Amino acid sequence: MSLPTPSLPTPTSSTTTGPAATVSIAIIGTGMAGLSAAQALHKAGHAVQLFDKARGVGGRMSSKRSEVGSIDLGAQYFTARDRRFVAQVQQWQAEGCVQPWSPSLYNAKQGRLSPSPDEQVRWVGAPRMSAIAKTMAVDLPAAFSCRIAEVFKGEEFWELLDAEGTSHGPFSHVVLAVPAPQATALLASAPKLATQVAGVKMDPTWSVALSFATPLDTPMQGCFVQDSALDWLARSGSKPGRDDSSDTWVLHATSAWSKQHIDLSREAVIEQLHGAFAELVNCPMPAPSFSIAHRWLYARPAQPHEWGALADPDLGLYVCGDWCLSGRVEGAWLSGQEAARRLLEHLQ
Ligand SMILES: Cc1cc2nc3c(=O)[nH]c(=O)nc-3n(C[C@H](O)[C@H](O)[C@H](O)COP(=O)(O)OP(=O)(O)OC[C@H]3O[C@@H](n4cnc5c(N)ncnc54)[C@H](O)[C@@H]3O)c2cc1C
Ligand SMILES: NC(=O)c1ccc[n+]([C@@H]2O[C@H](COP(=O)([O-])OP(=O)(O)OC[C@H]3O[C@@H](n4cnc5c(N)ncnc54)[C@H](O)[C@@H]3O)[C@@H](O)[C@H]2O)c1
């Protein structure tokens, strides 16, 4: 498809900015990485415009509203090891959107459950995981339900084309903050970057929540699982601020199981993971009163990288996301900071 070359500063869409002096920076993706970059750029005095194909912020840290309350179907908790992220988490805690979570932890190996306490500090969004992204997004202009399909550069500025055919721009720079396979599709303007990003494989995760009217008779609140279709279990009500009127559990399948059952129906996934859960927990397991399944196609990078962020600074194109670092919440935040740092450095 041949794309129009944008002439500036002619307005081209509803999100068009004004004169070239105030041309803003486009950020595609409002997960942790995109919001981290947006906050850093906004703090440095730059105008940003965020886009997300979803109906709200958070990406893999979003929470699903349901009849049994909000459920964290993606990220379950996070740890903070880098001192910059530790400081950020303390700020979120002061703002009231983050609290520590100290579950009664178990380990399941070859079908045997055993307590597995440790000293690790674990954090969760409160009252739900998405609270962090919501707090970060305050004051940042964002367009939702807007899937960006193409990113292209005119003589001077960038334009975005969404899946509905609407053009957005002009933008001085573009930050892609989406999972690697989705970033590759938007990197036609930068073939070298596209090749590097295309090499990053991401694995899926099937996530299921089951609610029980009567609490299960187990002290377990979180469990690392081995030798099973499952690799993680969490009891939602044990996290601060959650609705605990029914006993809701989140079960995550392993990457291997998720890949093998990628096209299974939601009903069949719920049935199979409920079965694996019942085998694992040493207590009577009734039928759930509520269940839901979500397939995360790009849940985690298949291999870790140490890139921080990727960029073609001369073009004005930056790429970040958890997959540029650890594949965790902390890595996503650090990657967004690094993309912003490199962009600001290039402007000087
Ligand atoms: C099941 C599961 C469990 C996890 N558990 C943990 C955990 O316990 N601890 C931990 O630290 N991490 C965990 N993670 C990982 C953590 O959630 C991620 O590392 C982090 O949230 C990634 O943030 P991100 O901004 O890089 O990407 P994302 O959160 O994926 O954000 C990308 C955003 O881009 C949007 N987008 C994509 N393509 C387009 C497009 N073309 N146009 C517009 N918008 C687009 C998406 O809608 C999304 O909102 C888990 C992830 C999953 C899936
Ligand atoms: N399902 C997904 O798609 C997905 C994606 C990204 C991250 N994650 C998970 O997010 C977590 C984040 O990692 P982190 O380093 O921030 O947290 P962490 O330190 O709690 O866990 C890291 C890993 O150490 C092991 N571990 C930690 N504490 C344990 C204990 N008390 N008993 C037994 N094993 C224990 C587990 O294997 C765990 O996966 C990991 O568990 C990771 O698997 C899941």
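As the structure is a prediction and not an experimental result, all values here were calculated from the model. When a ligand or atom number is given, it counts from 1 through the structure's own listing order. For this chain, numbers begin at 1 and follow the sequence in order.
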(request) Specify whether Trp92 and Phe85 have parallel, tilted or perpendicular ring planes, treating 30° as the upper limit for parallel and 60° as the lower limit for perpendicular. (result) perpendicular
(request) On the 0 to 90° scale, with breaks at 30° and 60°, tag the Phe277-Phe212 ring pair as parallel, tilted or perpendicular. (result) tilted
Ligand 1 atoms in contact with [X] (distance to a heavy atom under 4.0 Å):
X      : value
Arg147 : 41 (N), 42 (N)
Gly321 : 26 (O)
Thr205 : 1 (C)
Gly327 : 15 (C), 19 (O)
Trp296 : 1 (C), 53 (C)
Pro179 : 30 (O), 32 (C)
Ala332 : 22 (C), 23 (O), 26 (O)
Gln76  : 5 (N), 6 (C), 7 (C), 8 (O)

Can you tell me if [X] has a non-hydrogen atom under 4.0 Å from ligand 1?
X      : answer
Gly58  : yes
Ala163 : no
Ser207 : no

(request) Show which atoms of ligand 2 fall inside a sub-4.0 Å distance from at least one heavy-atom site of Asp118. (result) 28 (N), 29 (C), 30 (C), 31 (N)
(request) With heavy atoms of Ala299 as the reference, note each atom of ligand 2 found under 4.0 Å away. (result)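 Listed by number with element: 3 (O), 5 (C).
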(request) Answer side chain, backbone, both or neither: which part of Tyr77 comes under 4.0 Å from ligand 2, heavy atoms only. (result)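 The answer is the side chain of Tyr77.
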(request) Report the part of Arg122 (side chain from C-beta onward, or backbone N, CA, C, O) that has a heavy atom under 4.0 Å from ligand 2; answer both or neither where that applies. (result) side chain
(request) Run the numbers on Arg83 and Gln88 for side-chain hydrogen bond (donor to acceptor under 3.5 Å, both in side chains), then give the verdict. (result) CA-CA 9 Å; Arg83 64 178 168 72; Gln88 175 63 81; over 6 Å; no
Answer yes or no: is there an ion pair linking [X] with [Y], defined by an N-O contact shorter than 4.0 Å?
X      : Y      : value
Arg128 : Asp72  : no
Arg242 : Asp244 : no
Arg122 : Asp118 : yes
Arg235 : Asp247 : yes
Arg300 : Asp231 : yes
Asp263 : Arg295 : yes

(request) Side-chain contact test, heavy atoms from C-beta onward, threshold under 4.5 Å: evaluate it for Leu325 versus His305 and give yes or no. (result)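 Not in contact.
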(request) Taking the side chain as every heavy atom from C-beta outward, state whether Val174 and Tyr318 have any atom pair closer than 4.5 Å. (result) no
Under-4.0 Å heavy-atom contact with ligand 1, by part of [X] that carries it:
X      : value
Ser62  : neither
Cys146 : backbone
His252 : side chain
Ile28  : side chain
Asp322 : both
Ala75  : both
Gln182 : side chain

Write out the residue and atom name of the closest protein heavy atom to [atom], then the distance separating them to 0.1 Å.
atom                    : value
atom 6 (C) of ligand 2  : Gly327 O, 3.3 Å
atom 16 (O) of ligand 2 : Thr79 OG1, 2.6 Å
atom 43 (O) of ligand 2 : Arg300 NH1, 3.2 Å
atom 2 (C) of ligand 2  : Thr205 OG1, 3.4 Å
atom 13 (O) of ligand 2 : Arg328 NE, 3.9 Å
atom 32 (N) of ligand 2 : Ser116 OG, 2.6 Å
atom 15 (O) of ligand 2 : Arg81 NH1, 2.9 Å
atom 36 (C) of ligand 2 : Phe224 CD2, 3.4 Å

Counting only pairs under 3.5 Å, give me each side-chain donor-acceptor contact of residues 190-205, with atom names and distances, residues two or more places apart or in other chains.
{"from": "Thr195", "atom 1": "OG1", "to": "Pro191", "atom 2": "O", "distance (Å)": "2.9"}
{"from": "Lys201", "atom 1": "NZ", "to": "Ala198", "atom 2": "O", "distance (Å)": "3.0"}
{"from": "Asp203", "atom 1": "OD1", "to": "Lys259", "atom 2": "NZ", "distance (Å)": "3.4"}

(message) Check whether Glu338 reaches the backbone of Gly308 with its side chain - one donor and one acceptor, N or O, closer than 3.5 Å.
(response) no
Nearest option to [atom], as decided by whichever heavy atom of [options] sits closest:
atom                    : options              : value
atom 9 (N) of ligand 1  : Phe144, Tyr77, Phe78 : Tyr77
atom 41 (N) of ligand 1 : Ile148, Asp52, Val57 : Ile148
atom 2 (C) of ligand 1  : Gly29, Gly74, Ala183 : Gly74
atom 44 (N) of ligand 1 : Lys53, Met129, Met32 : Lys53

(message) Under a plain distance cut-off of 3.5 Å, with no hydrogens placed, do Ser167 and Glu159 share a side-chain donor-acceptor pair?
(response)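 Result is yes, a qualifying pair exists.
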(request) Using only heavy-atom distances, determine whether the side chains of Ser211 and Thr248 contain a donor-acceptor pair under 3.5 Å. (result)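 Note: Ser211 and Thr248 side chains meet the donor-acceptor criterion.
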(request) Decide salt bridge (Lys or Arg N to Asp or Glu O under 4.0 Å) for Arg147 and Asp52; before the verdict, give the C-alpha distance in whole Å, the side-chain angles of both, and the deciding distance to 0.1 Å. (result) CA-CA 6 Å; Arg147 180 192 291 269; Asp52 206 295; over 6 Å; no
(message) In the complex you have, is atom 24 (O) of ligand 2 within reach of the protein, judged by whether a heavy-atom distance drops under 4.0 Å?
(response) no
(message) Between Phe78 and Trp101, is the ring centroid distance below 6.0 Å?
(response) no
(message) Looking only at the aromatic ring of each residue, does the gap between the centers of Trp123 and Tyr77 stay below 6.0 angstrom?
(response) no
(request) Start with the C-alpha distance between Asn107 and Ser114, add both sets of side-chain angles, then the distance that settles side-chain hydrogen bond (donor to acceptor under 3.5 Å, both in side chains), and finish with yes or no. (result) CA-CA 5 Å; Asn107 192 40; Ser114 50; 5.0 Å; no
(message) Quick one, Glu345 with Arg342, criterion salt bridge (Lys or Arg N to Asp or Glu O under 4.0 Å). Give me CA distance, side-chain angles, the key distance, then yes/no.
(response) CA-CA 5 Å; Glu345 183 184 66; Arg342 291 185 64 178; 5.5 Å; no
